[in-house]
4 protein chains.
Amino acid sequence: MRAVVLREPHRVEVADVPRPEMSSATDILVRVEQTAICGTDLHPYEGRLELEADIVLGHEFLGTVVAAGSAVTRFSEGDRVVSSCVVSCGACHQCRRHQPGNCAGSRIFGLGLALGDLAGGQAEFVVVPNADSTARAIPDTVAACDDDILFAGDIMTTGYEAVARAITPGDTVAVVGAGPVGLCAAMAADVLGAAQVIVVDKVAARLKEAANLGAVAVDADQDDPADAVLDLTDWRGADVVVDAVGHESALLSSIALVRAGGTLSIPGVYNEDAITLPFGELYLKGVTLQMGVSHITEYMDEVIALTCAGKLRPGSIISHRMGLSEAAEAYRMFEAREATKIVMDPRK
Amino acid sequence: MRAVVLREPHRVEVADVPRPEMSSATDILVRVEQTAICGTDLHPYEGRLELEADIVLGHEFLGTVVAAGSAVTRFSEGDRVVSSCVVSCGACHQCRRHQPGNCAGSRIFGLGLALGDLAGGQAEFVVVPNADSTARAIPDTVAACDDDILFAGDIMTTGYEAVARAITPGDTVAVVGAGPVGLCAAMAADVLGAAQVIVVDKVAARLKEAANLGAVAVDADQDDPADAVLDLTDWRGADVVVDAVGHESALLSSIALVRAGGTLSIPGVYNEDAITLPFGELYLKGVTLQMGVSHITEYMDEVIALTCAGKLRPGSIISHRMGLSEAAEAYRMFEAREATKIVMDPRK
Amino acid sequence: MRAVVLREPHRVEVADVPRPEMSSATDILVRVEQTAICGTDLHPYEGRLELEADIVLGHEFLGTVVAAGSAVTRFSEGDRVVSSCVVSCGACHQCRRHQPGNCAGSRIFGLGLALGDLAGGQAEFVVVPNADSTARAIPDTVAACDDDILFAGDIMTTGYEAVARAITPGDTVAVVGAGPVGLCAAMAADVLGAAQVIVVDKVAARLKEAANLGAVAVDADQDDPADAVLDLTDWRGADVVVDAVGHESALLSSIALVRAGGTLSIPGVYNEDAITLPFGELYLKGVTLQMGVSHITEYMDEVIALTCAGKLRPGSIISHRMGLSEAAEAYRMFEAREATKIVMDPRK
Amino acid sequence: MRAVVLREPHRVEVADVPRPEMSSATDILVRVEQTAICGTDLHPYEGRLELEADIVLGHEFLGTVVAAGSAVTRFSEGDRVVSSCVVSCGACHQCRRHQPGNCAGSRIFGLGLALGDLAGGQAEFVVVPNADSTARAIPDTVAACDDDILFAGDIMTTGYEAVARAITPGDTVAVVGAGPVGLCAAMAADVLGAAQVIVVDKVAARLKEAANLGAVAVDADQDDPADAVLDLTDWRGADVVVDAVGHESALLSSIALVRAGGTLSIPGVYNEDAITLPFGELYLKGVTLQMGVSHITEYMDEVIALTCAGKLRPGSIISHRMGLSEAAEAYRMFEAREATKIVMDPRK
């Protein structure tokens, strides 16, 4: 089958590789129909995350089941499914506590041996392990198109959880960073009952997308975000601040936005070994910090229900549609920030 | 001052009565600017609830503070405020558990001695006890008009709480009864993240209002509500069912709509001494029942924030605006169901 | 193998039946080492629940894994395990909402075709389906003996959940009915932070057991339980009342014990089609009612951890130990209330 | 009246000062019967917190009401009360969100103008503002002695909240620091359903006290705390870690003890402006951090109920009882760590 393979940093190719095979009675084999490039894919692409040679990339995808293991109860041939990007074991202490993002045996598609050795979804076929837990049926009677459902397995649910775990309806939610996850968090905040959503970024196009979602868009190059948030909250600060960036400067500016007793929710990925925080200020304010890999399978049912209802429309952030055969160009554009979000069709 | 006084069942008059006086350092005196007639007012009006003679009626009102007790910290002369219809003590076991609706010393405006002997708000002036806890400032910088804020002290918050205490975002919420509380519950369900809202009633005009809110309106005279709900929920039933009626037949039909493991939330007022329930069915389904007087002061901040944000617009249910001097006619119309919701201006 | 078979009402035999066979890659086969008779077993034994002929009975058991399906990840041959009495699918709407007791495809061991056609655990061997979800390893490094762990799969966890889902630490918890589930609820209430535990029954021996657990034992034949509870709660009533009986009279007396705004938690099984409730009183009090089949697999990890720590000791309610060969006599004694709890050893 | 006055760092005197006067209808005047010295009192005593001259110190006290303002509803002359150390307004956004520790107008007894200008409780009399919210009646029918109730207003409730806001019953809770708050946290963890409590310190006497409470005591000078915790948790780490120290080194060692997806709860007071954290590790583990001034009035009812029930006995940490007249010596001893906890009687 054809698949996107990472030969070396900055070089992906569409190669002919063996179709992956099911190895457990709980696996399903899926013919991929849509697959997206995620910011996380740039970690191996840019060489920041070193993977084994010739890994098949990709962890955002949907498609149709072509085979199901004997112990799979929810799916059979012909079902259309979307998959969580993370596969959890369902049995460890964390999984039983409903924290699959902290699963002791977490695996992620297309990110190599250290993350579970799962071939990625930027391919004609992909094997989804632990399918009853990992995948979800795509309802066939709904208005929502695949473009929206596709993101239930990763960025939409990541942004959603970042808000859902912290919000009380009526809150003011501030989102730092209007990339895909930040925009998804802003959509989720609106649906989850935020009275006000404020989005901070420096890129005009992203701020415009945020404003289109109904958020108050704050250009950090023109206005002090802390002043803007205080001004909109009777000088209290935001009840919930989402750091959707994952960088020291974003974290520090997020702290300035949160009210006393508020929550700083951090879906942004942090790799830095050390960050110096104003801990006395955090203590005095009484801030709660929540962070870590998302618990996708805990929240994706809510996201799918709200997507099918037309209340979440993350497909709006797709900027480009390409064939899988154009993957090299797609990766180049995505790295160069020429595209917000690229979806590829493995049949092309 | 002028006030609406209940002389005997079915006879209200606008009488000249002494202006109420503050008796505690925590009281405020409010000049009333808008006051509504609530379904609960019909209990004394129709003689179902016997009150002392010449009670000043009314528990839905907003206005401007004209005097504040020395221990009041939140309000001063000139502030515009809306009041909870219930006054709780703030100090009993239930209040400290954040259940003011179950306060051991609960008082309700305009409902006589047994409910705390508080003169009502259908008058030029009203005293609001325990003001820091009972009243809320009306923000002056917002788009929402008084018509919406008025209901934060009673029906909007009652409908809101009925949903908020039970919903998980993504749920299907079914509301039985499209009266004022039911319509408020339907509005709240949408704002609180319901994927689907289904409203059941038999009155065409009410069903139309529900449909205007985006709900699926089910006419119980034409369709079996249980069939309709099962059809919309993949044969599961609704996650949350709100009984906004308060009558045995509504309760029994609500039970048929709720899914296994779902919640039946009952803001509707029950006075019946005995109701025969299919308890084996409730047990097998594993239904949770929540009921009782609303915890208005626990939820009205959220409601006000969402109203100010324009996400809740309960003012849309107002059908008539009249002067206080027309109170007798207003009560007649309201009892005769010629009006959905009547707001009176005490200055007229 | 030898197994307890129900020939007809009131007649069980230890028969030689085929060893059950695993049929799914997620099954395990367990050699049973301890198995108890539960009150629920009396339903078929007494003919109140009609089953197919020659059903192998029993749903409380522990033992050692002798074979594990290829998709089982948590267990392998030689592991000692205790099983939930209920097997849930893990994939339906309710399971994904962490309500396995409401699973659309719930199965219970030893209760016949309608409940999933699972051979029971009063046998030398039993097949446990969906093992990663249904069973739990018995830690081998702990002080707690098997006698305590045995009940984690049913009555201990049922009593525990009934309290856990309703309690706030510092609460007064009243338990109506000091049978096995009621005593387990009383133990759980103490461990979960109740300030006071009150147990109501009429049988002296049971009340003595309750008192031994540190509870205030109220003999309903000598004192009015409502008076006793009011007296112990500053005239409020209990914050949480557990109806561990499952009978109309217990339900009605439980309602009298609960405070305004309190919770009535009902693990007791209700089969009655209709019960007449004082609904006006329930509404005025603002009572929450929780009921239904327990979510065993949601709570059994907590129960096992607390049992291993020696904080829960449900083994104390075992009154008789017998060999499986004595099953006929064991059932006779249990029905005649000559035994509180009987544990049988299938090796004898 | 006599009161403990701070003349300058390291010099307290028992001086004759004017009896404080009530200034609001919501105040009560209390004759103090017991008052303790808290670690926080050392901040001004040692000059780390600069106060105005001649401040009356002390924020842990109980006594008898000698006068109550006209708007006070819960208390009257002769009632015995314990007071929260923090006075919150009850009306701001945070108070209405049940976060009084983050009150916009927080005041603390005996800590000077910046913290609300409240005279302290190390005196014959003290005025307690906002009494219905700040104070609690001491039940007179209970076994618990004043020694235990005294700490409900500060350290016991601080330790309790640190655990209560984070624990799931059955958890392993590790407490770093066995000072008064740490020991209270360990007591609370046991009562709140921890399966295991582990206490880490380096002082033998404190570790012995922890062991007396039933905790596993780990001497950080002899064993690596992280190894000890991993060894006791099947190599997972603790579900909840309480940093009861408030110092960079404690924070860093606490991070090493928490499991993936666990919570780090920080009642310890942080003044440091900047602490460098291993943020990548925190993110990968998915740790939640909770910190800030305790919400005393939210939790003290639970603590009082559990203290009256004899389940919490913080009086056990009192090492010395002295007369108020010996305050200078008491402060000297407490600073010199010659006493764990000193209680003074203002009548002596």
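Letters A, B, ... mirror the listed sequences (proteins, then strands); counts begin at 1. These numbers were taken from a predicted model, which means no experiment stands behind them.
In terms of heavy-atom pairs under 4.5 Å with chain B, the best-connected choice from Leu277(C), Ile266(C), Asp234(C), Thr288(C) is Leu277(C). Taking chain B as the reference chain and counting heavy-atom pairs below 4.5 Å, the highest number among Leu284(C), Thr168(C), Ile275(C), Thr263(C) is found for Ile275(C). Most heavy-atom pairs under 4.5 Å with chain B, from the set Glu281(C), Arg236(C), His295(C): that is Arg236(C). Of the listed residues (Gly101(B), Gly261(B), Pro278(B)), the one with the most heavy-atom contacts under 4.5 Å to chain C is Gly261(B).
A search for salt bridge (Lys or Arg N to Asp or Glu O under 4.0 Å) contacts involving Asp132(B) returns nothing, not counting sequence neighbours.
Of residues 171-186 of chain B, those residues with a non-hydrogen atom less than 4.5 Å from any non-hydrogen atom of chain C are, in numerical order, Asp171(B).
Heavy atoms closer than 4.5 Å to chain B are found in the side chain of Asp239(C), but not in its backbone. Heavy atoms of Pro100(C) lying under 4.5 Å from chain B are absent altogether. Leu282(C) touches chain B through backbone and side chain together, each having a heavy atom under 4.5 Å away.
The two residues Ala274(B) and Thr276(C) make their nearest non-hydrogen contact at CB-CG2, 3.7 Å.
Other residues, nucleotides and ligands contribute more than 12 heavy atoms inside 6.0 Å of the CG atom of Asp224(C).
Panel note: side chain Asn102(C), backbone Lys285(B); a donor-acceptor pair is recorded below 3.5 Å.
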Start with the C-alpha gap between Arg259(B) and Arg97(C), add the side-chain angles, then the distance that decides, and say whether side-chain contact (heavy atoms from CB on, under 4.5 Å) holds.
CA-CA 12 Å; Arg259(B) 72 161 168 86; Arg97(C) 295 286 287 261; 3.7 Å; yes

Does the pair Phe279(C) and Met291(B) meet the rule for a side-chain contact (heavy atoms from CB on, under 4.5 Å), with working shown?
CA-CA 10 Å; Phe279(C) 213 78; Met291(B) 67 192 87; 3.9 Å; yes

